[in-house]
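Residues take their numbers from the sequence shown, with the count starting at 1.
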Amino acid sequence: EVRFVESGGALVQAGGYLRLSCVASGLTFRDYAIGWFRQAPGKEREAVSCISASDGSTKYADSVKGRTTISSDVAKNTAYLQMNNLKPEDTAVYYCAANTMRRRCDATTRVYEFDYWGQGTQVTVSS
């Protein structure tokens with residue numbers, strides 16, 4: 001059984017930072033592109049970032065570019081999302097998942113290409 005478990009979410013003040021973690025089990029991490037996504041109340045799930053675990057190449061949504069770094073440790077089957085200079089609009093439940101259609105991140109990170117969603121971790125940024 002494939003399982004993703006996210007952690008690291010918290011309540012922080014605007015301008016603060018968080019490091020989210022995503023641990024995968026039941027699959028070979030390096031064979032997948034791993035994505036971070038977020039969903040705010042009343043909004044659709046959106047892509048935040050993607051990393052190709054095989055070579056470390058990355059993609060970022062414009063809304064987080066320059067403030068966020070995605071990384072992975074294939075030996076630990078773990079992906080990380082370092083978020084700096086957090087803004088109230090970053091408030092959402094953050095999820096990670098594996099791309100079941102591609103091994104590498106595409107120019108556009110499409111939610112429907114990803115599966116094995118975790119339960120999510122809540123990030124709340126106060127103003």
Nearest 0.5 angstrom please: [X] [atom1] to [Y] [atom2], how far?
| X | Y | atom1 | atom2 | answer |
| --- | --- | --- | --- | --- |
| W36 | Y60 | CH2 | OH | 12.5 Å |
| S49 | Q82 | OG | CD | 12.0 Å |
| T69 | R19 | OG1 | CZ | 10.5 Å |
| T121 | L81 | OG1 | CG | 11.0 Å |
| E113 | C105 | CD | SG | 10.0 Å |
| R3 | Y116 | CZ | OH | 15.5 Å |

Nearest heavy atoms of [X] and [Y], plus distance in Å:
| X | Y | value |
| --- | --- | --- |
| F4 | C96 | CD2-SG, 3.5 Å |
| T100 | D115 | CG2-CB, 3.6 Å |
| S127 | A14 | CA-CB, 4.3 Å |
| G26 | V2 | O-CG2, 3.4 Å |
| K76 | T78 | O-OG1, 2.8 Å |
| G35 | F114 | N-CE2, 3.5 Å |

Task: Pair S57-S52, side-chain donor/acceptor within less than 3.5 Å - done: yes

TODO: Establish, from distance only, whether the side-chain atoms of Q122 and T124 form a donor-acceptor pair under 3.5 Å.
DONE: yes

Open item on the list: Cation-pi check for Y95 against R38: NZ or CZ below 6.0 Å from the six-membered ring centre and within 45 degrees of the axis, yes or no?
Closed with: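 Pair R38/Y95 does not count as cation-pi.
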
Open item on the list: Could you tell me if R45 sits above the aromatic ring of W117, with its cationic atom closer than 6.0 Å to the ring centre and no more than 45 degrees from the axis?
Closed with: yes

Are any side-chain N or O atoms of [X] and backbone N or O atoms of [Y], one a donor and one an acceptor, separated by less than 3.5 Å?
| X | Y | result |
| --- | --- | --- |
| E6 | Q119 | yes |
| T58 | I70 | no |
| T68 | K65 | no |
| N99 | R102 | yes |

Task: Verdict with reasoning, Y80 to D73, per side chain to side chain contact (heavy atoms under 4.5 Å, CB included) - done: CA-CA 8 Å; Y80 305 97; D73 185 335; 4.2 Å; yes

TODO: Side-chain contact test, heavy atoms from C-beta onward, threshold under 4.5 Å: evaluate it for V123 versus T91 and give yes or no.
DONE: no

Task: Qualifying side-chain hydrogen bond (donor to acceptor under 3.5 Å, both in side chains) pairs with a residue from residues 21-32, counting only residues at least two apart or across chains - done: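 Output for this query lists D31-R103.
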
- [ ] Answer yes or no: is there an ion pair linking K87 with D90, defined by an N-O contact shorter than 4.0 Å?
- [x] no

Task: S72 vs F29, side chain to side chain contact (heavy atoms under 4.5 Å, CB included): CA-CA, chis, key distance, verdict - done: CA-CA 9 Å; S72 68; F29 206 68; 3.8 Å; yes

Task: Between Y94 and F37, ring centroids under 6.0 Å - done: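 No, they do not, as the ring centres are separated by 6.0 Å or more.
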
